[in-house]
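When a ligand or atom number is given, it counts from 1 through the structure's own listing order. The structure presented is a predicted model; accordingly, all values stated were derived computationally and were not measured.
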Amino acid sequence: MIDELIDRLLKGDKRAAARLITLVENDEEKAKEIIKKIYKFTGNAYVVGITGPPGAGKSTLLDKLIKEVRKEGKVVGVVAIDPTSPFTGGALLGDRIRMQKHSTDPGVFIRSMATRGSLGGLAKATNDAIKVLDAYGCDVIFVETVGVGQIEVDIVKTADTVVLITVPGLGDDIQAIKAGLMEIADIFVVNKGDKEDADRTLFELELMLDLEKEKWKQRGWRPPIIKTVALTNKGISELWRAIMEHKAFLDESGKIKEKRRFKAEEEVKTIISDFITSKVGKKLRDNEVYELIGKIAEREIDPYSAAEVIMEKTLGVKA
Ligand SMILES: Nc1nc2c(ncn2[C@@H]2O[C@H](COP(=O)(O)OP(=O)(O)OP(=O)(O)O)[C@@H](O)[C@H]2O)c(=O)[nH]1
């Protein structure tokens, strides 16, 4: 069944792509088999992360970006990471409706991924879904995440270019960006540029970037700030151009190689730690180990020594 689906995927069959993504999302063993088989057909897609606070207009903007990229005849994939929260449920429904009009276009593939509990699981499923879309023939894959905590920061482990969207009037938002996100953004967008305080937000961002002049010089790339009005398509082609310029910068400076190596390393680390967690997790249910853990609580053995015993039993390695 999997071989047949992969055959169809490689011929550009959208339904086969959808089935394969469902499989990699839900079935650990099948995910392994699928990725092993399709890996050699991947590596062509350029991955762009789009992140920002809820309501910043990410979906509206993405909808317009898809059109812009389609003008060049490129095949586009979208993976929308959806932290299943009662607060975003409504907005997501909105997203689907907004982007639905692309669903008859064979050159556009849109997929939402749910968190289902573990963030690690989500990161792996997202990486795998990206590979399926890459093998399907996507030239560009957008990964959209709502700007909340770790998911947002993790996008650097997945994306080649990270676009951070902010909007005027969030007040302390600029401070929030300062706190951790500035590090990860390759391009800043001030969306809702039609709002009156948009220029002030733009100015504040410029000031903030000015403080880090040395860093940009070292890096060879200063993140541009682009004003957009997603609703009316304003600034969208500039944004796409900036993304392509960042790509050219990575290609020409050779940094793309470092980036891909970093991503590969992060991915393999996740696979290994997931494997260890699951192996050790299973063993924790054994009687012997159960008793050993009881002994830690009773102060008969310390946790380090117990961990050493468990690692030797499960993984065959001495710590
Ligand atoms: N005034 C104005 N409103 C906009 C603009 N872009 C988007 N909006 C509106 O902002 C609201 C939120 O837009 P979404 O695209 O749903 O935002 P999102 O970031 O995907 O939201 P979440 O799914 O909650 O993360 C919608 O009502 C949009 O119509 C813009 O450029 N100007």
Side-chain angles (χ1 to χ4, degrees), residues 48-70 76-103 108-116 119 122 126 140-155 158-159 161-174 176-177 180-181 184-185 187-205 224-243:
V48 180
I50 305 271
T51 188
K58 294 179 293 299
S59 318
T60 315
L61 192 109
L62 205 45
D63 177 47
K64 301 287 162 57
L65 257 181
I66 293 171
K67 277 197 204 122
E68 187 68 28
V69 182
R70 287 299 289 146
V76 184
V78 176
V79 179
I81 301 178
D82 156 15
T84 27
S85 128
F87 302 110
T88 55
L92 251 148
L93 190 64
D95 288 0
R96 293 216 182 91
I97 294 164
R98 257 195 301 283
M99 295 207 260
Q100 225 168 31
K101 56 179 168 293
H102 297 291
S103 66
V108 180
F109 188 104
I110 297 171
R111 176 65 173 238
S112 294
M113 315 278 290
T115 37
R116 279 171 226 264
L119 274 186
L122 180 72
T126 303
V140 182
I141 299 172
F142 292 106
V143 182
E144 180 197 351
T145 64
V146 179
V148 277
Q150 195 56 37
I151 309 179
E152 189 166 42
V153 176
D154 272 354
I155 197 137
T158 307
T161 297
V162 175
V163 179
L164 181 72
I165 302 185
T166 185
V167 280
L170 288 182
D172 288 342
D173 195 51
I174 299 281
I177 291 176
L181 294 172
I184 66 163
I187 295 167
F188 287 95
V189 168
V190 177
N191 188 40
K192 307 199 183 179
D194 50 322
K195 296 218 165 166
E196 55 177 302
D197 42 353
D199 286 330
R200 211 188 68 209
T201 308
L202 220 72
F203 179 67
E204 283 172 10
L205 267 173
I225 307 172
I226 295 164
K227 182 160 91 168
T228 59
V229 183
L231 279 182
T232 60
N233 215 28
K234 223 170 146 188
I236 302 297
S237 54
E238 287 82 350
L239 172 57
W240 176 238
R241 210 176 309 133
I243 294 171

Heteroatom proximity flag, [X] to ligand 1, N/O under 3.5 Å:
X: S59; answer: yes
X: P54; answer: no
X: V229; answer: no
X: G55; answer: yes

Quick one: pull up [atom1] in [X] and [atom2] in [Y] and give me the separation to the nearest 0.5 Å.
X: K227; Y: L205; atom1: NZ; atom2: CG; value: 12.5 Å
X: L65; Y: T60; atom1: CG; atom2: OG1; value: 11.5 Å
X: S59; Y: I66; atom1: OG; atom2: CD1; value: 9.5 Å

Should you measure from each heavy atom of D194, which atoms of ligand 1 turn up under 4.0 Å away?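 In order of numbering, the contacting atoms are 1 (N), 2 (C), 30 (C), 31 (O), 32 (N).
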Show me which atoms of ligand 1 lie under 4.0 Å from any heavy atom of K58.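 Counting atoms of ligand 1 from 1, those under 4.0 Å from K58 are 15 (O), 17 (O), 18 (P), 19 (O), 20 (O), 25 (O).
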Part of I165 with heavy atoms under 4.0 Å of ligand 1, whether side chain, backbone, both or neither: neither
I'd like to know whether V189 forms a side chain to side chain contact (heavy atoms under 4.5 Å, CB included) with L239, so could you lay out the CA-CA distance, the side-chain angles of the two residues, the decisive distance to 0.1 Å, and finally the verdict. CA-CA 8 Å; V189 168; L239 172 57; 3.6 Å; yes
Report yes or no: does [X] contribute a side-chain atom to a donor-acceptor pair with the main-chain N or O of [Y] at less than 3.5 Å?
X: K64; Y: A230; answer: yes
X: K58; Y: P53; answer: yes
X: D197; Y: P168; answer: no

Nearest non-hydrogen atom to atom 13 (O) of ligand 1 belongs to which of A198, A80, G57, G235? G57
Looking only at non-hydrogen atoms, the one of L231, D63, N191 nearest atom 4 (C) of ligand 1 is L231
